[in-house]
Amino acid sequence: MNNMTNGGLFSVPGLRRLRVMTQKELLQLFRDVALMVFFLYSFTGDIYLAASGVSMQLKNAAIATLDADYSFASRELASRFQPPYFQPAGSVADARQAIRRLDDGDVMAVLDVPPRFQERLQRGEQVSVQLQVDTSNSVLGFLASSYGAQIVGKYALEAAAQREGLAAAGGIAGPLVEADTRVWYNPNQNDAWFMGISELLTVVTLFSILLPAAAMVREKERGTIEQLMVTPLTSFQILFPKVVAMTLVILAGSAIALFGVLGPLFQLPMRGSLVTFFLITALYVFTTAGLGLLAATVARNLAQVGMLTVVILMPMLLLSGAWTPIEAMPPWMRGLAWISPLHYFLDAAYGILLKGVGLDLLWDSVLAMTGLGIIVFAAGMRRFGRQFG
Amino acid sequence: MNLQRIVALAWKEWREIIRDRLFFALAFVVPAMLMLLFGFGLTLDVENLPFAVVDYDKTAASRDYAYRFISSRYFAFQGYAADEHDVDALLADNKVRMVLVIPPRFDERLGRGEPAPVQVLIDGTFPERTQTSMGYVAAINSAVSLDNMAHALSRVRGIPLPEARQRVQPVKLEVRYLYNQSVKSIWSLAPKLIMLIMMLSPPFLTAVGVVREKESGSIFNIYSSTVSPGEFLLGKLAPYVAISIANAMFLWLLATWLFGAPFKGDPLFFAFATVLYVICTTGIGLVISMLVQTQVAAMIVASIVSIIPAVLYSGVLLPLPSLSPAASMLAHALPPMYYTNIVVGCFLKAVSWHALWLEVLVLAAYAVGLFGLGYLLFTKRPKS
């Protein structure tokens, strides 16, 4: 009785064991100095670099002009290729030089204006200009040709309006459709928000798979698992504290990343409830750690775990929807994305931080993550129990 | 340097690798599997973007206009929404990524020959996708506008429609896509996947392989033997380099046969550069293994220094010209970027030595530097 009041909740034997085991895991983690240094770097420096250093947009693509006309009209057209999308990079004398500059990667596009451009334009003929685009990077190639088409299209329409007498004070008077585009949630298209969150999720995923898997297999390899097996601990009491310890450490890392890097340095809005965010992160780490532990029960040594986690990690990171739109994937691949916990975590994290949504909209993601977590954890425990029970 | 000792060490390492069946299988299966998964799944094209329409006008003209989007393969129509308030929840819940709002009097304005505004709401969570979809929207809108202008002009001037069409579009843009004429993303992606995957698996294999001996203590056998540090490193790493070269060859076959990526360059040059690259990435694993004491740390460090730069700073997903100075410096300091230039050059541009000698030189310097560093860090008399 006395014992109960002194120790509080933790004097219940099961809970006390969990607490002691969690402490043991934390201690083991903190003693690996090289690991802790990298852990801190990942949640600060690495996220800072990704958020500040990367932009997915076409910016200042170098464009050269091959102007065979040398007229007012051709110069006017060429001068419309301006920052932010394009950066004029001088002119080239002939087609051979154009190709050479494209080959060298010195320019990304060449605008080719044919001879007698202005003359034919004034006579009302239809003139073709050519844009040669380096599409080695197909995304950028597409954007460059898309912006190019918009610039030339606008120029053409204005030229036509001038000639046909349709020009009005404010622009062109005609049955045009004018789109007023509004970008929601990230109106200035700040890449740092996307990249920062994406990198945070990447780092969280990486650690939540690797740490528990490695910790588990290390005990197997060194044989300390045998010591644990002869204690009164159940396999749940052995596995669960590992996950709890890793979850605590990773949550601390995420807090450092959010409040130490993304918030103050990049003005990440964090529109939704942060409590919800951390709860969902804990759930995600838990689910993903289950995956790691499952891998650990399959593997017999760390080298195997290393390869297994690469197989799990890389597809998860690249195919869950941060880098490639799920809608555009082939159907069977979409099926794979639905069993990836990261897919749901992405929805939840971007939803909470950028869109400000709450559990009323995210319940389905939370449910799916919980379901996946229970399945992988149960499978891991079963295998573990069979191996050592 | 005693060749016999090196061979003996390499043989010992090789046998250790094959005896670990699962590890041996994974060493070959992992790269091929990643290639298949990414080759089929990693589409950078933006297609089937889910969208909804709010049509306040409800006329034939507004429906025709909406149909331009509905029939496009870039957009996937999710239905009409009653008004803008429904739209908030749809966008917030990722049910749609774009909403097209057609205001009242759309038909009336166009009929009178006035510009008609429409509103496009786009989810800006993923900036690159947002930009691409804005490009699609602009293309559809300008096609609609040109059509309308041509019809109006043909009515007003009494000229046939084709002539009116030509008159409203005096300048046409022809786009020539160089190096990858169909802008198929798999063509530009498959070669870069070789780079990506060969950046992932060799460091892992090597780092864990070396640290395993450190952690299990079997490295003391080496310390106390007559094997010199250089012999140890060469013998130890030879099997890993061999496995990775075999993998790289297999990935090349997959890229050309399965994904049909054109290979226009010089195979010999490509093979040489690839061997250099594999030596570099193996060297990264070596240096990691010298710096850390535990396999856990080796795995974490290997994943941070290989996965993240390979994904972010190699030019696969992110265009290199738009990196900030700091990130660009990082990109230039690591081997993946140079090898990306080589694979892209060899596959898509048919260039070789004259354009890529610098890249090869950098990779060679890297390989020498990494192995030199590994050699310096390896000591047969560890502290403690």
Side-chain angles (χ1 to χ4, degrees), chain A residues 32 34-35 38 53-57 59 121 126-128 130-132 134-140 145-146 149-150 152-153 156 159-160 174-183 185-186 189 191 194 206 210 214 302-304 306-307 311 314-315 319 323-324 327-329 333 350 355 357 361, chain B residues 22-23 26 30 37 41-45 47-48 92-93 110 113 115 117-122 124-125 127-128 131 135 138 141-142 144-145 148-149 152 166 168-180 183 185 188 204 208 292 295-297 299 301 317-319 322 324 326-327 344:
Chain A
D32 195 333
L35 183 65
F38 256 85
V54 177
S55 151
M56 296 283 273
Q57 299 165 25
K59 267 189 214 145
L121 198 62
Q126 198 171 28
V127 202
S128 292
Q130 208 180 48
L131 188 68
Q132 308 191 57
D134 176 353
T135 49
S136 312
N137 183 325
S138 44
V139 175
L140 272 192
S145 64
S146 162
Q150 285 175 42
V152 174
L176 302 175
V177 176
E178 285 168 350
D180 164 25
T181 310
R182 302 218 178 135
V183 177
Y185 311 124
N186 188 355
Q189 291 289 282
D191 285 296
F194 163 71
L206 221 136
L210 280 175
L302 269 166
Q304 293 177 354
M307 293 313 278
V311 180
M314 287 312 293
L319 302 176
W323 296 109
T324 63
E327 311 87 73
M329 289 183 193
M333 197 56 99
Y350 282 106
K355 301 185 175 182
V357 301
L361 286 180
Chain B
L22 182 64
F23 180 73
L26 285 173
V30 168
L37 267 175
L42 197 68
T43 39
L44 297 174
D45 309 318
E47 274 176 31
N48 299 324
D93 202 17
L110 289 182
V118 294
Q119 206 175 51
V120 181
L121 312 174
I122 297 187
T125 312
E128 183 258 329
Q131 300 265 311
N141 276 332
S142 79
V144 173
S145 299
N148 290 346
M149 290 284 277
Q166 198 190 325
V168 294
Q169 201 187 8
V171 184
K172 267 179 103 165
L173 183 72
E174 286 168 6
V175 180
R176 263 191 70 203
Y177 299 108
L178 294 171
Y179 311 122
N180 181 3
V183 208
S185 56
S188 63
F204 259 88
V208 175
V292 300
Q295 292 185 69
V296 186
M299 269 162 52
V301 177
L317 295 170
L318 302 164
S322 36
S324 78
V344 170

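Please read these numbers as outputs of a predicted model, since none were measured by experiment.
- Considering all non-hydrogen atoms of both residues, L176(A) and L110(B) come closest at O-CD2, 3.7 Å.
- Taking each heavy atom of A92(B) and Y185(A) in turn, the nearest pair found is N-OH, 3.2 Å.
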Residue pair M333(A), L37(B): steps toward the side chain to side chain contact (heavy atoms under 4.5 Å, CB included) verdict: CA-CA 8 Å; M333(A) 197 56 99; L37(B) 267 175; 3.9 Å; yes

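- Smallest separation of non-hydrogen atoms from G124(B) and V183(A): CA-CG1, 3.5 Å.
- Rounded to the nearest 0.5 Å, atoms CG (L206(A)) and CE (M299(B)) are 9.5 Å apart.
- Put simply, of L35(A), L361(A), V311(A), the one with the most heavy-atom pairs under 4.5 Å next to chain B is L361(A).
- For the pair S128(A)/E174(B), a side-chain contact is recorded, criterion being any heavy-atom separation below 4.5 Å from C-beta on.
- Looking at V144(B), only its side chain comes within 4.5 Å of chain A, counting heavy atoms on both sides.
- With a 4.5 Å cut-off on non-hydrogen atoms, V127(A) touches chain B through its backbone and its side chain both.
- In this structure, CG on L22(B) lies 4.0 Å from CD on Q304(A), to the nearest 0.5 angstrom.
- In this structure, Q126(A) CD and Q169(B) CD are separated by 5.5 Å, a value rounded to the nearest 0.5 Å.
- Looking at heavy atoms from C-beta onward, T181(A) lies in side-chain contact with I122(B) at the 4.5 angstrom threshold.
- Using a 4.5 Å cut-off on side-chain heavy atoms (C-beta onward), P117(B) and D180(A) make no contact.
- Considering all non-hydrogen atoms of both residues, G135(B) and Q150(A) come closest at CA-NE2, 3.9 Å.
- Atom OH of Y350(A) is separated from atom OG1 of T125(B) by 8.0 Å, given to the nearest 0.5 angstrom.
- Most heavy-atom pairs under 4.5 Å with chain A: of the set N148(B), L173(B), N48(B), this distinction falls to L173(B).
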